[in-house]
Protein chains: 2
Amino acid sequence: MTKPSEPIPDPVEAAGDAVFRRPLTTVDVVILTIRAGSLQVLLVQRPQQAGEPFPGRWALPGGFVDVARDRDLQACALRKLAEKTGVDSPYLEQVGSWGSATRDPRGWSTTHVYVALLPDETLALQKGGNAADLRWAPVEGEGVAMPLAFDHAVLLGAALHRVRGKTEYTSLPAHLLPSAFTLGELQHVYELVLGRSLEKKAFRTRMLAGGMLEDLGAQKETGRRPALLYRLREQAGLVYFTRSFEQR
Amino acid sequence: MTKPSEPIPDPVEAAGDAVFRRPLTTVDVVILTIRAGSLQVLLVQRPQQAGEPFPGRWALPGGFVDVARDRDLQACALRKLAEKTGVDSPYLEQVGSWGSATRDPRGWSTTHVYVALLPDETLALQKGGNAADLRWAPVEGEGVAMPLAFDHAVLLGAALHRVRGKTEYTSLPAHLLPSAFTLGELQHVYELVLGRSLEKKAFRTRMLAGGMLEDLGAQKETGRRPALLYRLREQAGLVYFTRSFEQR
DNA sequence: AGAATAGTGTCTCTTAGACACTATTAT
DNA sequence: ATAATAGTGTCTAAGAGACACTATTCT
């Protein structure tokens with residue numbers, strides 16, 4: 001790690017006006033997947049050492065931006081994600097940023113929150129890796145059952161709100177599935193994310209009309225009637241539908 | 001957090017030296033209004049002094065978070081807004097954050113972008129205030145005609161994309177109008193923001209069905225047939241419609 | 001045959017788009 | 001009367017919800 005020349009006066013503080021102390025800058029990642037029949041979020045346990053804030057509490061994976069290593073905020077989020085899961089190309093979206101004098105006892109801090117959606121299958125790698133201080137927690141309502149460190153309950157709530165919002169009118173939940181899936185599995189994922197059931201015919205019509213799915217011509221053997229397998233067509237982002245799912 | 005066992009005693013306390021140098025932290029505000037028949041954005045001219053980045057270029061209003069004055073990021077955005085316009089309670093929404101090693105020549109920096117929507121009328125105050133280094137620029141397509149400092153063209157583009165997106169399915173553009181307005185004026189604002197015309201009957205049906213408007217029982221005298229005046233009903237946020245406006 | 005899941009047919013309801021029509025003002 | 005803008009009536013099309021129906025597999 002090369003050491004940048006630090007003793008040089010800060011050009012910003014040298015620029016005249018009041019001295020602007022710099023806030024702490026972190027990135028936190030809300031990593032979601034479908035596991036064991038529910039939507040789950042990856043948490044890390046904070047170190048037990050004295051002097052650490054929230055020792056032993058569960059928290060979102062994240063940490064300080066490393067200006068020597070991270071080219072930009074998204075690269076920092078991808079680094080955190082890869083460190084915890086081994087996954088390097090998930091669906092990744094920025095949720096927003098939170099900054100205040102009080103959210104971190106160590107001082108004025110801002111965090112940049114990203115949400116990543118992973119298929120469960122890609123996680124086989126990670127399970128062998130580290131560590132007892134990592135766990136998946138099922139999402140219940142707007143968050144998880146245990147208290148979280150810092151304002152992470154708020155950050156998680158915002159990420160879930162974003163994901164649920166987009167689930168109403170985009171193809172987003174498809175990124176929680178492996179590359180080949182059936183329409184039944186896709187509908188099940190939508191229902192898990194939204195926490196309510198959807199009408200089968202309307203769901204299928206919408207998904208097939210969206211033009212985002214490619215029929216793989218293969219079938220999934222499930223023990224009952226086999227279902228057609230689809231995959232997401234090659235395309236940059238999400239498909240947006242012009243109508244939301246409606247109430248109930 | 002990064003690695004549990006870091007050889008440095010406390011990375012935060014060490015934040016002045018090589019390990020976790022803190023990025024610069026700024027807030028930029030995209031201030032939009034309807035003026036002279038078009039959507040316009042407020043720009044400030046960067047100082048001409050040598051040593052300043054982008055001297056003389058136009059830029060979004062913004063600047064460093066002042067950890068001594070700003071309670072949180074939104075308070076910082078409101079402060080910047082009030083400094084430039086005198087307005088203190090606009091529609092204000094966070095667009096996102098941008099951070100990288102290269103976006104500011106002075107070093108690794110992050111900015112937090114907010115968008116504010118103002119009725120033109122509230123700006124009478126500001127016109128008397130300062131200053132020759134402030135101007136309104138008409139929005140053309142994804143941005144403005146002149147080049148902007150830093151990556152502000154990208155930030156402005158993202159804010160416009162957000163505003164246009166929400167214009168398709170929320171009551172957002174109403175915040176660009178004074179508190180009393182006619183449906184014709186409201187439709188005109190939607191059309192200016194979207195850059196395309198909307199069908200009158202469909203527009204009126206949607207707005208009135210949304211339940212967000214309150215009939216003031218008064219009429220606006222325009223020289224032709226007077227139109228009913230409405231105002232936004234008291235409510236926290238936006239009204240979301242379950243369908244987008246559709247193409248053309 | 002019965003269970004279970006995959007997939008379709010078809011009706012109703014809501015709302016956008018199109019567009020012609022009426023209503024109210026000023027000149 | 002004419003121009004101009006405000007506001008309505010009404011038809012069509014698309015797609016969501018409801019729900020019953022058929023289809024294909026297993027035991």
Side-chain angles (χ1 to χ4, degrees), chain A residues 37 165 167-171 173 177 180-192 194-231 239-248, chain B residues 37 165-171 173 177 180-192 194 196-231 239-248:
Chain A
T167 297
E168 297 281 356
Y169 61 94
T170 75
S171 59
L177 284 173
F181 50 83
T182 69
L183 285 177
E185 290 166 344
L186 185 58
Q187 180 173 351
H188 187 59
V189 169
Y190 270 80
E191 291 174 341
L192 283 175
L194 292 176
R196 70 175 198 266
S197 61
L198 298 173
E199 209 284 321
K200 181 167 60 165
K201 184 66 190 298
F203 181 83
R204 300 171 71 95
T205 303
R206 168 183 286 203
M207 293 303 145
L208 293 173
M212 74 212 198
L213 297 181
E214 190 167 6
D215 181 344
L216 288 175
Q219 297 190 324
K220 173 151 191 167
E221 308 297 334
T222 59
R224 300 298 170 195
R225 173 176 173 177
L228 272 176
L229 282 166
Y230 295 86
R231 71 168 175 207
V239 172
Y240 286 72
F241 308 117
T242 54
R243 295 174 62 169
S244 257
F245 290 116
E246 275 154 41
Q247 320 318 347
R248 212 101 317 236
Chain B
K166 285 204 168 176
T167 297
E168 297 280 356
Y169 62 94
T170 75
S171 59
L177 284 172
F181 52 83
T182 69
L183 285 177
E185 291 166 343
L186 185 58
Q187 181 172 352
H188 188 61
V189 170
Y190 270 79
E191 291 175 340
L192 283 176
L194 291 176
R196 70 174 198 266
S197 61
L198 297 173
E199 210 283 322
K200 181 167 59 165
K201 185 66 190 300
F203 182 83
R204 300 171 72 94
T205 303
R206 168 183 287 204
M207 292 304 145
L208 294 173
M212 75 214 198
L213 298 180
E214 191 166 4
D215 181 344
L216 288 175
Q219 297 190 324
K220 173 151 192 167
E221 308 297 334
T222 58
R224 300 298 169 194
R225 173 177 173 176
L228 271 177
L229 282 165
Y230 294 86
R231 72 169 173 205
V239 172
Y240 285 73
F241 308 118
T242 55
R243 294 173 64 168
S244 256
F245 290 117
E246 275 153 42
Q247 321 317 348
R248 212 106 316 241

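This structure is a prediction, so every number in the text was calculated from the model and none was measured. Here is how names work: the chains are called A, B, and so on, in the same order as the sequence lines, proteins then strands, and each is numbered from 1.
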> Can you check whether B/Leu194's main-chain N or O pairs, donor with acceptor, with B/Thr167's side chain at less than 3.5 Å?
Replying inline: no
>> Please report the distance, rounded to the nearest Å, between CG in A/Leu208 and P in D/dA16.
In response: 12 Å
I'd like a list of close polar pairs between nucleotides 3-6 of chain D and the protein, N/O only, cut-off under 3.5 Å.
{"from": "D/dA6", "atom 1": "N3", "to": "B/Arg225", "atom 2": "NH1", "distance (Å)": "2.8"}

> Over how many whole Å does the gap from B/Glu168 atom CD to C/dT15 atom P extend?
Replying inline: 18 Å
>> Reading DNA chain C from 5' onward, which residue's closest nucleotide shows up sooner: A/Leu183 or B/Ala202?
In response: A/Leu183
> A/Leu186 has an atom CG; how far is it from atom P of C/dT5, in whole Å?
Replying inline: 17 Å
> What is the distance from NE2 of A/His188 to P of C/dT5, rounded to the nearest Å?
Replying inline: 11 Å
> Please walk me through it: do B/Leu228 and B/Thr182 pass side chain to side chain contact (heavy atoms under 4.5 Å, CB included)?
Replying inline: CA-CA 6 Å; B/Leu228 271 177; B/Thr182 69; over 6 Å; no
> So which of A/Arg206, A/Arg243, A/Arg196 actually passes salt bridge (Lys or Arg N to Asp or Glu O under 4.0 Å) with A/Glu168?
Replying inline: A/Arg196
> Starting at the 5' end of DNA chain C, which residue's closest nucleotide do you reach first, B/Arg243 or B/Gln219?
Replying inline: B/Arg243
> Separation of B/Lys220 atom NZ from C/dA26 atom P, in whole Å?
Replying inline: 16 Å
> For B/Phe245 and C/dG17, what is the distance between atoms CZ and C1' respectively, to the nearest whole Å?
Replying inline: 12 Å
>> With side chain to side chain contact (heavy atoms under 4.5 Å, CB included) as the criterion, how do A/Glu191 and A/Phe203 come out once you've worked through the C-alpha distance, each side chain's angles and the decisive distance to 0.1 Å?
In response: CA-CA 11 Å; A/Glu191 291 174 341; A/Phe203 181 83; over 6 Å; no
> Do A/Lys201 and C/dG9 share a donor-acceptor pair, side chain to base, under 3.5 Å?
Replying inline: yes
> When you check the phosphate oxygens OP1 and OP2 of C/dA16, does a side-chain N or O of B/Arg206 lie under 4.0 Å from one of them?
Replying inline: yes
> Roughly how many Å is it from CZ in A/Phe203 to C1' in D/dG15, rounded to a whole number?
Replying inline: 15 Å
> Hey, mind stepping through A/Phe241 and A/Met207 against side chain to side chain contact (heavy atoms under 4.5 Å, CB included) and telling me if it holds?
Replying inline: CA-CA 9 Å; A/Phe241 308 117; A/Met207 293 303 145; 4.0 Å; yes
>> Output the rounded distance in Å from CE (B/Met207) to P (C/dT15).
In response: 13 Å
>> Using the rule given for side chain to side chain contact (heavy atoms under 4.5 Å, CB included), can you reason through B/Phe181 versus B/His188, listing the C-alpha separation, both sets of side-chain angles and the distance that settles it, and then say yes or no?
In response: CA-CA 11 Å; B/Phe181 52 83; B/His188 188 61; over 6 Å; no
>> Please check this pair: side chain of A/Gln187 against backbone of A/Arg204, looking for a donor-acceptor N/O pair closer than 3.5 Å.
In response: no
